[in-house]
Amino acid sequence: MTPLDTVLAYYKAWTSHDFDLAMTYIGDDITCHAPAGPIVGAEAFRAFMEPFSQILRSSELHAAFGDETTALLMYGTSTHPVADAPGAELHTVHDGKISTLRIIFDRLPFEQARG
């Protein structure tokens, strides 16, 4: 599998609400750079990302690109609290596992929905 294949399989798994399958594509020592700060390790990543996958209503992939070590996705999501929540992810893949993820999304609509 290419890095893009790995990342697309991960995306398909979490957007289909199968987070156990999604985690099979995540390296044990993943570092996720998120708007709230760095998240290190697979369990911390799961604690961050799985709750989002549970509130997901739908997702639409807008673009996907990859090379020998990285893959970039841009997508739109609809969640229970926020109807339009776009995101982008830059992944680094080593030995078929995502080792680094930089995720970009707007936190403000989610904070407003909680408030």
Side-chain angles (χ1 to χ4, degrees):
M1 287 179 60
T2 68
L4 182 57
D5 293 333
T6 299
V7 170
L8 288 171
Y10 161 75
Y11 170 81
K12 181 178 179 183
W14 77 259
T15 60
S16 299
H17 305 283
D18 189 345
F19 214 78
D20 288 334
L21 178 59
M23 288 300 295
T24 66
Y25 301 102
I26 300 297
D28 291 338
D29 297 330
I30 187 172
T31 299
C32 176
H33 302 278
I39 299 153
V40 179
E43 288 308 310
F45 176 76
R46 183 180 197 127
F48 164 72
M49 192 67 186
E50 188 171 27
F52 181 77
S53 74
Q54 293 171 346
I55 64 169
L56 184 70
R57 292 177 16 190
S58 65
S59 183
E60 179 182 358
L61 187 62
H62 297 305
F65 299 94
D67 61 22
E68 298 82 25
T69 59
T70 61
L72 176 67
L73 302 183
M74 183 174 179
Y75 52 84
T77 63
S78 175
T79 67
H80 290 288
V82 178
D84 182 21
E89 299 180 359
L90 176 62
H91 305 80
T92 303
V93 178
H94 289 106
D95 298 323
K97 300 281 186 172
I98 299 167
S99 59
T100 306
L101 171 89
R102 180 168 301 276
I103 186 168
I104 299 169
F105 63 93
D106 187 358
R107 292 175 50 192
L108 183 60
F110 292 95
E111 292 172 7
Q112 291 172 334
R114 279 187 223 112

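Position 1 is the first residue of the sequence, and the numbers go up from there. Quick note: numbers below take in every heavy atom, side chains included, and nothing from hydrogens, waters or symmetry partners.
The environment of CD in E68 is sparse: at most 12 heavy-atom neighbours from other residues, nucleotides or ligands sit within 6.0 Å.
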Can L90 and T100 be said to form a side chain to side chain contact (heavy atoms under 4.5 Å, CB included), step by step? CA-CA 8 Å; L90 176 62; T100 306; over 6 Å; no
Could you list the donor-acceptor pairs under 3.5 angstrom formed by side chains in residues 51-63, with sequence neighbours left out?
{"from": "S53", "atom 1": "OG", "to": "E50", "atom 2": "O", "distance (Å)": "2.7"}
{"from": "S59", "atom 1": "OG", "to": "Y11", "atom 2": "OH", "distance (Å)": "2.5"}
{"from": "S59", "atom 1": "OG", "to": "G76", "atom 2": "O", "distance (Å)": "3.3"}
{"from": "H62", "atom 1": "NE2", "to": "G76", "atom 2": "N", "distance (Å)": "3.3"}

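Residues meeting the side chain to side chain contact (heavy atoms under 4.5 Å, CB included) test with D67, sequence neighbours left out: T69, T70. Contacts of D84 classified as side-chain hydrogen bond (donor to acceptor under 3.5 Å, both in side chains), with partners at least two apart in sequence or in another chain: none.
Rounded to the nearest 0.5 Å, atoms CD1 (I39) and CG (L101) are 8.5 Å apart. Taking NE2 of H91 as the reference point, atom CG of L8 lies at 9.0 Å (rounded to 0.5 Å).
Taking both residues in full, the closest heavy atoms of A42 and G27 are given as CB-O, 3.8 Å, listed atom of the first, atom of the second, then distance. Annotation for G96 and T6: closest pair O-CG2, 3.4 Å, computed over non-hydrogen atoms. Counting all heavy atoms, side chain and backbone alike, Y10 lies closest to A22 at CD1-O, 3.5 Å.
Using a 4.5 Å heavy-atom cutoff, the side chains of V7 and L72 are not in contact.
Contacts classified as salt bridge (Lys or Arg N to Asp or Glu O under 4.0 Å) and involving residues 10-28 (residues at least two apart or in different chains) are given here: D20-R46. Pairs of residues two or more places apart, or lying in two chains, never qualify as ring-ring contact (aromatic ring centres under 6.0 Å, His included) while including a residue from residues 29-49. Residue pairs meeting the salt bridge (Lys or Arg N to Asp or Glu O under 4.0 Å) criterion with at least one partner in residues 29-42, sequence neighbours excluded, are absent.
Side-chain atoms of T92 do not come within 3.5 Å of backbone N or O of S99 as any donor-acceptor pair.
Note on M23 and M1: same hydrophobic cluster, where clusters join Ile, Leu, Val, Met, Phe, Trp and Tyr whose side-chain heavy atoms are under 4.5 Å apart, directly or indirectly. Linking ILVMFWY side-chain heavy atoms closer than 4.5 Å, directly or via other members, places L4 and L21 in a single hydrophobic cluster. Each of V40 and V93 belongs to its own hydrophobic cluster when Ile, Leu, Val, Met, Phe, Trp and Tyr are linked at side-chain heavy-atom distances under 4.5 angstrom.
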